[in-house]
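Below is one structure, written out as structure tokens; the observations come after it.
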Amino acid sequence: MADELVQGMKCRLCGKLYPKEPLNFCTDDFGPLEVVYNYEAVAKTLTRSAIQSRPNTIWRYRELMPIDGEPTVGIHVGGTPLVKADRLAKALGIKELYIKNDAVNHPTLSFKDRVVAVALSKAVEFGFTTVGCASTGNLAGSVAANASAAGLESYVLIPDNLEQGKVLGAQIYGAKVVAVTGNYDQVNRLCSQIAFRYGWGFVNVNLRPFYAEGSKSMGFEIAEALGWRTPDHVVVPMAGGSLIGKIYKAFKEFELLGLLNGPVQTKMFGAQATGCNPITNTVKTEANKVRPVRNPNTIAKSLAIGDPADGFFASKLMRETGGWAEDVDDDSIIDGMKLLAETEGIFTETAGGVTLAVTKKLIEQGKINRDGSTVICITGNGLKTQEALLGHMPKLTAISPTLVDFEALVGAAPAAELADATV
Ligand SMILES: *Cc1c(COP(=O)(O)O)cnc(C)c1O
Ligand SMILES: [Zn+2]
């Protein structure tokens, strides 16, 4: 039954059709391949009530996920909270704001578990027993964890400058973690060579069309949680530029299937760090081509892809939906992390700081309308990028366990002043 839902793949440039196979580019023009569904068949079983009767994971939308059988990897992924963020909305001076909080996604605390669950379920269908990835950090941990749980061997290749939390957070699962001297683009090129030479399933190389579809689940969850409607604005952090496009694709698929209460009128906004801004730069300069950034330099390492695979399509999407893009420097990223933590109690990684700081900037620029509804996508957890905060928090001075000392410390001056005085 499920077999006919996923028809095959199609080149996004020339439209050439391909069967379901571990291949990510068109052999005629190197255009990216995208999964094609039979939406008439999907509509027969994917109704609101069917969705609501299923467990709260990405698989409740399984007809729109590119696997043929039942999922075998990442069964519990997804279903993260959409938090109504009133205190943050007030701080930003807007009316209706929500945080899609993938900082608490299961099992590795980033949105990457969504794409990995789908890619590895597909890898199992294809018969791969060894899988891998090129990673800026979060994908490393997610592939390692989900591969272990599925009994697959994994190779994880990373640039050699990643945060300790990301490196340990991949090694602990017994994955073969390989650090490479060079930036992400160089790591990615090496992974392409390895995947095709050894016949392994690399989630973001030869399995990329299937992997990328997993990101749609974030869009489905947002629309469902808002009562089957889509927000006026969505702000999305961009690395390779895939997630932003897939959230929008999810909205359009729900619309096509008649699952929404109104038409999709969402404007898509993209966020990057100024130290690696190939996509936001394309949008802001209204260029037709993405100019790669040769030497990314930012604390938002998870977003540091200088030559983004989906940068062109992401830029086009932001333009066509009436959205926009911005980038922010490292100090603003830290401020963004603090603001989210202090207003909503959510500790995000540097990428989340980027998203929040960019949102603030876009509101100040008038690109995001203060009266509309806005969803901010928080995609990773702050516990993994603690280095970024070193030196940005007040130093602790221990007191003796006496009231006298406590009052000397706290009572003598308000906590905030004290904190300032000790930096
Ligand atoms: C990978 C990643 C992204 C963006 O993913 P793309 O689909 O490559 O644009 C955003 N945030 C975090 C934390 C990530 O790890
Ligand atoms: Zn093509």
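Start at 1 and go down the list; that is how both ligands and their atoms are numbered.
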Inset, instruction - Consider ligand 1: state whether an atom of it lies below 4.0 angstrom from any non-hydrogen atom of Gly241. - result: yes

Looking at [X], which atoms of ligand 1 are within less than 4.0 Å of one of its heavy atoms?
{"X": "Met238", "value": "9 (O)"}
{"X": "Ala351", "value": "13 (C)"}
{"X": "Leu303", "value": "3 (C), 10 (C), 11 (N)"}
{"X": "Ser242", "value": "6 (P), 7 (O), 9 (O)"}

Examine [X] against ligand 1 and note whether any of their N/O atoms are separated by less than 3.5 Å.
{"X": "Leu243", "result": "yes"}
{"X": "Asn138", "result": "yes"}
{"X": "Gly240", "result": "yes"}
{"X": "Ser302", "result": "no"}
{"X": "Lys112", "result": "yes"}
{"X": "Phe111", "result": "no"}

Inset, instruction - Report the C-alpha separation of Glu349 and Lys166 in whole Å, then their side-chain angles, then the decisive distance to 0.1 Å, and conclude whether the salt bridge (Lys or Arg N to Asp or Glu O under 4.0 Å) test is met. - result: CA-CA 11 Å; Glu349 69 153 83; Lys166 301 262 169 96; 3.2 Å; yes

Inset, instruction - Could you please compute the angle at the Zn ion (ligand 2) from SG of Cys11 to SG of Cys14, rounded to 10°? - result: 110°

Polar side chain donor-acceptor pair, [X] to [Y], under 3.5 angstrom:
{"X": "Tyr18", "Y": "Thr27", "result": "yes"}
{"X": "Glu63", "Y": "Thr45", "result": "yes"}
{"X": "Ser373", "Y": "Asp232", "result": "yes"}
{"X": "Asn146", "Y": "Ser142", "result": "yes"}
{"X": "Tyr198", "Y": "Gln193", "result": "no"}
{"X": "Glu253", "Y": "Tyr61", "result": "no"}

Have a look at ligand 1 and work out which part of [X], if any, has a heavy atom under 4.0 Å from it: side chain, backbone, both or neither.
{"X": "Thr136", "value": "neither"}
{"X": "Ala239", "value": "both"}
{"X": "Glu349", "value": "side chain"}

Legend entry - Side-chain heavy-atom pair Cys26, Lys10 within 4.5 angstrom cut-off: no

Legend entry - Residue among Lys16, Lys249, Lys216, Arg208 satisfying salt bridge (charged side-chain N to carboxylate O under 4.0 Å, His left out) with Glu34: Lys249

Legend entry - Chi angles and distances behind the salt bridge (Lys or Arg N to Asp or Glu O under 4.0 Å) call for Asp185, Arg294: CA-CA 9 Å; Asp185 297 303; Arg294 294 284 160 221; over 6 Å; no

Legend entry - Atom pair CD1/CG of Ile99 and Leu340 - distance to nearest 0.5 Å: 5.5 Å

Legend entry - Contact flag Asp29/the Zn ion (ligand 2), N/O/S atoms, threshold under 2.8 Å: yes

Inset, instruction - Among all protein heavy atoms, pick out the one at the shortest distance from atom 12 (C) of ligand 1; state its residue, atom name and that distance to 0.1 Å. - result: Thr379 OG1, 3.3 Å

